[in-house]
There are 2 protein chains.
Amino acid sequence: MALSHAIMTALLEEPLSGYDLAREFETSLGFFWHASHQQIYRELRTLAERGWLEAEGVAQAGRPDKIVYALTPAGRAALDQWVAGPSRHKPAKDDLLVKLYNVGASDPAPVVAELRERLETHRRNLALYRRIRDRHYRDPRSLPPRRQGIYLALLAGIRGEETALAWCEEAIELLAPLAES
Amino acid sequence: MALSHAIMTALLEEPLSGYDLAREFETSLGFFWHASHQQIYRELRTLAERGWLEAEGVAQAGRPDKIVYALTPAGRAALDQWVAGPSRHKPAKDDLLVKLYNVGASDPAPVVAELRERLETHRRNLALYRRIRDRHYRDPRSLPPRRQGIYLALLAGIRGEETALAWCEEAIELLAPLAES
DNA sequence: GAGAGATATGCAACTTTTTGCATATGATCG
DNA sequence: CGATCATATGCAAAAAGTTGCATATCTCTC
């Protein structure tokens, strides 16, 4: 399972609580690997049991107490090993692409409407990613190695959104005439 | 579940056996929605029970008998309704992008090696998709509606591979110096 | 006739993800 | 004081996907 390793990766820099991690998985790392808080809390307990993480309860004033998880040496070793092993790419599954196969058989109007919505989503994502790049990753070559890796992940996001955006425009242009008639 | 609808989509043109469908899901539709034959056979039985498909045993000479599934009017209606409803985009999950966050903490060499392999995969996919486009979708505007939709799905594949390919090259260029030292 | 390979279909166990629900603390605002 | 929101953690059931195994027909080649 790779969720465990994604979590450990997020803990490389500093110990975090499940709540923190859940937010991490909604931004940064989450752009490329989504996980719900239910998944995260469950996985954290599993990893702590296995000895890859260490849990520490932290009492807080002004807010509910929390449990902070830190990477153990064993976890660190497992992570290294995972990085050295083969990767799995699970391609995106997109209803919309399947629906395109139905154009001509079903009404294309909702598909076009969906494309327009998605266009906006890609615009927003792209703007966000570019803002992050401009703020933190202006000159990739002068970054320390770790940041270069993160930069590349971000770059994948940017390129992906650019491509998806352009494709949406092209698709709308081609299908709009069908939807109007 | 969308697998059911992907299967029905594949049956829009003509009735197919589970085996045929499994191959369909390894090419055409399968570029955007992967499914194993185990999943497909299971789903086919479920759909037939629900009345969305009709199963017909076909005796064959020269090869094992098969079961051919056809879309029923009820299935057709369900498909229309699905097309009109909201779509879900499940973004890709890619170990490699998570591993990039580990560059600087773990040895980057295997990551670079993986990037090189992936570069080749993208090259192959791109060549394949382009071949299909050149053969069957040369002039998209003059295609009948149904084929236009399929063309757009193919185009999404082409653009995606182009982007991924270029990104791999950029990533290798940036990380190669780190891996050598 | 033995073996490999395409065709054809399936079970069972397991892992992973999704969905819906549940709970509790403390801050802030009206 | 009540409502709402951010913080913080979790259970349980269902759906979806993966993995490993199993079986059978028929063709073609050695």
Side-chain angles (χ1 to χ4, degrees), chain A residues 1-7 10 15-27 29-30 32-50 53 55-69 82 86-95 98, chain B residues 1-8 15-27 29-30 32-50 53 55-69 82 86-95 98:
Chain A
M1 185 178 14
L3 173 58
S4 52
H5 296 95
I7 287 175
L16 294 170
S17 71
Y19 191 80
D20 296 332
L21 279 164
R23 276 195 315 189
E24 190 79 4
F25 276 87
E26 267 171 19
T27 54
L29 246 186
F32 318 110
W33 196 283
H34 184 264
S36 64
H37 70 96
Q38 291 95 332
Q39 259 179 296
I40 290 168
Y41 285 120
R42 192 164 0 97
E43 195 64 30
L44 282 172
R45 273 170 276 138
T46 309
L47 287 172
E49 259 180 55
R50 200 182 303 170
L53 298 185
E56 189 196 0
V58 173
Q60 294 193 112
R63 37 172 81 176
D65 298 346
K66 64 180 176 182
I67 305 167
V68 168
Y69 292 87
W82 173 73
S87 299
R88 313 191 34 167
H89 175 66
K90 227 175 116 176
K93 285 196 172 178
D94 192 346
D95 280 15
V98 177
Chain B
M1 185 180 11
L3 173 59
S4 52
H5 296 95
I7 287 176
M8 289 195 286
L16 294 171
S17 69
Y19 190 80
D20 295 332
L21 279 164
R23 275 196 315 187
E24 191 80 3
F25 275 87
E26 267 170 19
T27 54
L29 247 186
F32 318 111
W33 196 284
H34 184 263
S36 64
H37 71 97
Q38 291 95 331
Q39 258 180 297
I40 290 168
Y41 285 118
R42 196 174 340 111
E43 194 65 29
L44 282 171
R45 272 171 276 140
T46 308
L47 287 171
E49 258 180 55
R50 201 183 301 172
L53 298 184
E56 190 196 359
V58 174
Q60 295 192 112
R63 35 172 84 175
D65 299 347
K66 63 180 175 181
I67 306 167
V68 168
Y69 292 87
W82 173 73
S87 298
R88 312 195 32 171
H89 175 65
K90 227 174 114 177
K93 287 195 172 178
D94 191 346
D95 280 15
V98 177

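Order of the sequence lines fixes the chain letters, A, B, ..., with proteins taken first and strands second; residue numbering starts at 1 for each chain. Below, each value reflects all heavy atoms present in this structure, side chains not excepted, and no hydrogens, waters or symmetry copies.
Taking the nucleotide of DNA chain C with the nearest heavy atom to each of Lys90(A) and Arg63(A), the more 5' of the two is matched to Lys90(A). Position along DNA chain C of the nearest nucleotide to Arg23(B) versus Arg45(B) favours Arg23(B) as the more 5'-ward residue.
Nucleic acid contact class of Arg42(B) (heavy atoms, under 4.0 Å, all strands): base. Among the heavy atoms of the strands lying under 4.0 Å from Gln60(A) are primed sugar atoms or P, OP1, OP2 only; no base atom is included.
Chain B approaches DNA chain D over the interval dA16(D) to dT27(D), counting the first and last nucleotide 5' to 3' with an atom under 4.0 Å from its heavy atoms.
When rounded to the nearest whole Å, the span between NE2 of His37(A) and C1' of dG20(C) equals 10 Å. We find that CG of Leu47(A) is positioned 15 Å from P of dT15(C), with the value rounded to whole Å. Between Lys93(B) atom NZ and dT15(C) atom C1' there is a gap of 12 Å when expressed in whole angstrom units. Protein atom CG of Asp20(B) is 10 Å distant from nucleotide atom C1' of dA8(C), rounded to whole Å. Rounded to an integer number of Å, the gap from CD of Glu43(B) to P of dC11(C) is 14 Å. Rounded to an integer number of Å, the gap from OH of Tyr41(A) to P of dT19(C) is 19 Å. Here dC11(C) presents its P atom at 12 Å from CG of Leu44(B), a figure rounded to the nearest Å. The interatomic distance linking Gln39(B) (CD) with dT16(C) (P) rounds to 15 Å, in whole Å.
If you take CD on Glu24(B) and CG on Leu16(B), they are separated by 6.5 Å, rounding to the nearest 0.5 Å.
The closest side-chain heavy-atom distance from Trp33(B) to Leu3(B) is below 4.5 Å. Contact annotation: the side chain of Ile7(A) never approaches that of Tyr69(A) to less than 4.5 Å [non-hydrogen atoms, C-beta and beyond]. Using a 4.5 Å heavy-atom cutoff, the side chains of Leu47(B) and Glu43(B) are in contact.
By the side chain to side chain donor-acceptor pair (under 3.5 Å) test, His34(A) is found to be paired with no residue, residues two or more places apart in sequence or in another chain being considered.
Between the Asp65(A) side chain and the Gln60(A) main chain, a donor and an acceptor come within less than 3.5 Å of each other.
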Walk me through whether Tyr19(A) and Ile40(A) qualify under side-chain contact (heavy atoms from CB on, under 4.5 Å). CA-CA 9 Å; Tyr19(A) 191 80; Ile40(A) 290 168; over 6 Å; no
